[in-house]
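Read the numbers this way: they start at 1 and go in the same order the structure lists the ligands and their atoms. This structure is a prediction, so every number in the text was calculated from the model and none was measured.
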Amino acid sequence: MVCLGNICRSPLAEGILKSKLPEDNFFVDSAGTSNYHIGEKPDSRSISIAKHYGIDINKQRGRQFTTIDFDRFDYIYAMDNSNYRNIIGLARDTSDRNKVKLILNESVPNQNLDVPDPYYGGDSGFDNVFKMLDEACNSIADKLNNN
Ligand code: 4NP
């Protein structure tokens, strides 16, 4: 799960998808394309909205996406088109590029929609983001659990 800062959207996506998959079989992680918030906890508004829906993301810490992540993961979900382009820019070959998906295409196929960046907005933005990611993660978990 990849966004820009790895403090608002992707920590939520990580927590939500983890909650829908058996932890023995899947490794779910998140990262940011930027180095702005390395080592930091998720934004307090993301921690709050996750807690409201019964998910604890408090232990997560920000890290930056690196090329090595293409070797460590089978699927890489970008939160928006800008993140998508930045990740694709780091890909070494077609195999790397094929791993990268826009996360909302899982719930609303082929529309290339962005998860809006809630960083500069109010609390309602975080609830909206949570609901969008929950729906997308339902589709992802359905696919992965049935493989
Ligand atoms: P995120 O949100 O990409 O969902 O973690 C942001 C967090 C921080 C910044 C931008 C977006 N920032 O510019 O510091």
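Under the 6.0 Å cut-off for aromatic ring centres, Phe65 and Phe70 qualify, their centroids lying closer than that.
Heavy atoms only, all atoms of each residue included: Arg45 and Pro118 are closest at NH1-O, 4.0 Å. Between Ser34 and Leu4, the shortest heavy-atom distance links the atoms OG-O, 2.7 Å.
The one candidate from Asp29, Asp69, Ile87 that meets the side chain to side chain contact (heavy atoms under 4.5 Å, CB included) condition with Val2 is Ile87.
Here the CG atom belonging to Asp127 is positioned 11.5 Å from the OG atom belonging to Ser48, to the nearest 0.5 angstrom.
Sorted by chain then number, the residues whose non-hydrogen atoms approach ligand 1 to under 4.0 Å are Cys3, Leu4, Gly5, Asn6, Ile7, Cys8, Arg9, Tyr36, His37, Asp117, Tyr119, Tyr120.
At a threshold of 4.5 Å between non-hydrogen side-chain atoms, the residues Phe73 and Met1 do not count as touching.
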